[in-house]
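First comes the structure, then the notes that go with it.
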Amino acid sequence: MMLRKLSRELIILCILLTSCNKSSTTSSSTDTNNNGGSTSTYNDLFVPPAITGTNFNLTLDKSTKQFNSGAVTATYGYNGNSFWGPTLIMNQGDDVKINVTNNLSDQTTVHWHGFHIPAIMDGGPHQIIEAGATWSPNFKIKNNAGTYWYHPHLHLKTYEQLAKGAGGFIIIKDPIESALSLPRTYGTDDIPLVLTSRRFNNDNSFNISGAYGDYLLANGTLNAQVSLPKQYVRLRILNAEIERGYDLGLSDNRSFNIIGNDGGLLNAPITATRVKMMPGERVEILVNLGNDALGSTLDLKAYNSGQKFGFPGGEPATSGEFGSLLNNKDFTVLHIKIGASTNNAITTLPSKLANNTYWTNADVTNSRTINITGGQAGSAFTFDNNTYGFTNINQTINLNAVEKWTIVNNNVFGHSFHVHDVQFKIIARSSGAVGEHESGWKDTVYVPLGETVTVIAKFDDFADPINPFMYHCHFSNHEDGGMMGQFLVK
Ligand code: C2O
Ligand code: CU
Ligand code: CU
């Protein structure tokens, strides 16, 4: 999917002049339902089935889903699901084997996002699964307990295959997390929540173009509602958007506790009323529903109105490549009804979670800088003026190096920067302090327009002189457009 790049400034200028877009009026604080319109009925949140063990079978197939009245929508799903796939539950230290069968009439790949595994097992653009074929990677689970995910990574098709619904959660468990008094009954007080949005064509097919959808999908459900028990509940939230960011909060403005990032638990819970999430990022939060009345309701919302320019989805247009019905608005992500508490309800919050020791400047053995480039009117975004090349090696890293990467974005728009193989520590943002919400291990980081972000990671365990890992913008339209590079660890 090659997108024609128009200058966003030009589009905003058009809107200000109200000459390019006839539906350009916006209000920055409108509270809309997640269909972008007025109140409508809710649908029960789909909770993906979970599979536990060391041997997993995943089969990607074409499917359909009834999103709207009338025609069904053509989708992709793993293991017979109509959109998205099962949640894989794995234990740290296990040797797992996964058989991935591709029943599409197209190639695909499956990438284990966030995993520290050999490059040949990573499921990036090089581990192509032909139509009808099965790929069977195996690897040891080295990551910490946390929320990870799998998704296609076929170059030029990542956007399309992800947009159709190919993806799924992976939950890793480990002894540190298991020893804590935390909600962990899957689907009851421990809820996986993947956020994305889609635009529908008149025939109800997905519109696979442009940056943003018009209708929020929570686990593939339009206007989703869920009943949650009157106690602490855990939401494992993944932004699996094409490009939109989310600034999440609760409708009564109550605070919640952030307990984990991309790479697992924080050292201690953090109290917040908002958390920003860019495509690819995960956050685990605890919400205390213990003081809510039975039968009362609460909404998880995206407070996306009035964001700084460069926040993806902040553009005021309601249609077109960089517009949508959800842009620059506050909208509901999940409608929550308070139900009865469960036996063994979690009613208190642990004060300590993990004992992570993060990399610091003193540990660094090599530094490099990556500039975000391109994106001028008519061109795609790139890194260091190089568009993605299947056989290009953009960075070569010594095994066991502790590397400081400085990502510089003095260019056009914000991005979501993701590195395969490692979890990193964000040590600096040129705009000021690193947010508490991103203080843990990370594999994806928001690089706002005008900012320089510095991260440190150790590239240990997996040397391979031939098979590269990827680093890229996790906006899949930018990634497909060439905003991706390759690195070897050797
Ligand atoms: Cu989630 Cu290279 O991706
Ligand atoms: Cu990844
Ligand atoms: Cu980008």
Side-chain angles (χ1 to χ4, degrees), residues 1 3 5 8 108-119 121-127 137 139 143 146-159 161-163 166-170 194 196 211-212 238-245 262-263 277-282 310-313 315 321-322 370-376 379-384 387-388 394 407-409 411-424 441-449 451 453 457 468-487:
M1 174 78 35
L3 290 179
K5 299 288 170 194
R8 288 167 198 261
T108 192
T109 82
V110 180
H111 168 56
W112 319 104
H113 180 126
F115 275 31
H116 182 49
I117 50 177
M121 304 294 171
D122 192 45
H126 294 262
Q127 285 82 49
F139 42 80
N143 288 76
T147 305
Y148 303 84
W149 63 304
Y150 58 93
H151 63 78
H153 216 304
L154 184 69
H155 187 51
L156 302 176
K157 292 282 184 88
T158 296
Y159 175 173
Q161 295 191 347
L162 183 64
F169 280 99
I170 306 175
V194 52
T196 190
Y212 307 116
L238 159 66
N239 180 342
E241 272 284 7
I242 304 308
E243 178 163 343
R244 186 186 310 284
D262 303 342
M277 294 186 73
M278 291 298 139
E281 291 189 295
R282 288 86 69 209
F311 178 96
E315 305 95 316
E321 184 178 358
F322 300 122
I370 294 175
N371 283 290
I372 294 174
T373 48
Q376 309 302 325
S379 78
F381 285 103
T382 50
F383 292 118
D384 301 316
T387 194
Y388 176 71
N394 305 88
I407 302 115
V408 182
N409 182 16
N411 186 44
V412 187
F413 205 66
H415 301 273
S416 187
F417 185 82
H418 171 51
V419 187
H420 289 211
D421 180 27
V422 294
Q423 293 287 332
F424 52 73
W441 289 118
K442 296 282 294 167
D443 55 51
T444 306
V445 58
Y446 180 32
V447 188
L449 172 59
E451 229 179 277
V453 179
F469 289 106
M470 304 296 126
Y471 60 98
H472 58 92
C473 178
H474 217 290
F475 300 174
S476 45
N477 50 345
H478 291 186
E479 174 190 333
D480 280 349
M483 194 178 187
M484 179 156 67
Q486 306 197 119
F487 66 93

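Counting starts at 1 for both ligands and their atoms, in listed order. In this chain, residues are counted from 1 in sequence order.
Among H151, H153, H420, the single residue meeting the ring pair (Phe, Tyr, Trp, His ring centres under 6.0 Å) criterion with H474 is H151. The one candidate from E479, H478, H472 that meets the side-chain contact (heavy atoms from CB on, under 4.5 Å) condition with F475 is H478.
E281 meets the salt bridge (charged side-chain N to carboxylate O under 4.0 Å, His left out) test with K442; sequence neighbours excluded. Applying the salt bridge (charged side-chain N to carboxylate O under 4.0 Å, His left out) test to R244 and every residue at least two apart in sequence or in another chain returns E241.
Looking at H116, its side chain never comes within 3.5 Å of a backbone N or O of V422 through a donor-acceptor pair. Without hydrogens or angle criteria, N409 side chain to F413 main chain gives a donor-acceptor distance under 3.5 Å.
Side-chain contact check for T382 and T387: no donor-acceptor pair (N or O, by modelled atom type) lies under 3.5 Å.
In terms of heavy atoms, S476 sits closest to L162 at OG-CD2, 4.1 Å. Of all the heavy atoms in P468 and A119, the pair that sits closest is O-CB, 3.9 Å.
Atom 1 (Cu) of ligand 1 has H113 ND1, H151 NE2, H474 NE2 as protein N, O or S atoms under 2.8 Å away.
Counting only protein N, O or S atoms closer than 2.8 Å to the Cu ion (ligand 2) gives 2.
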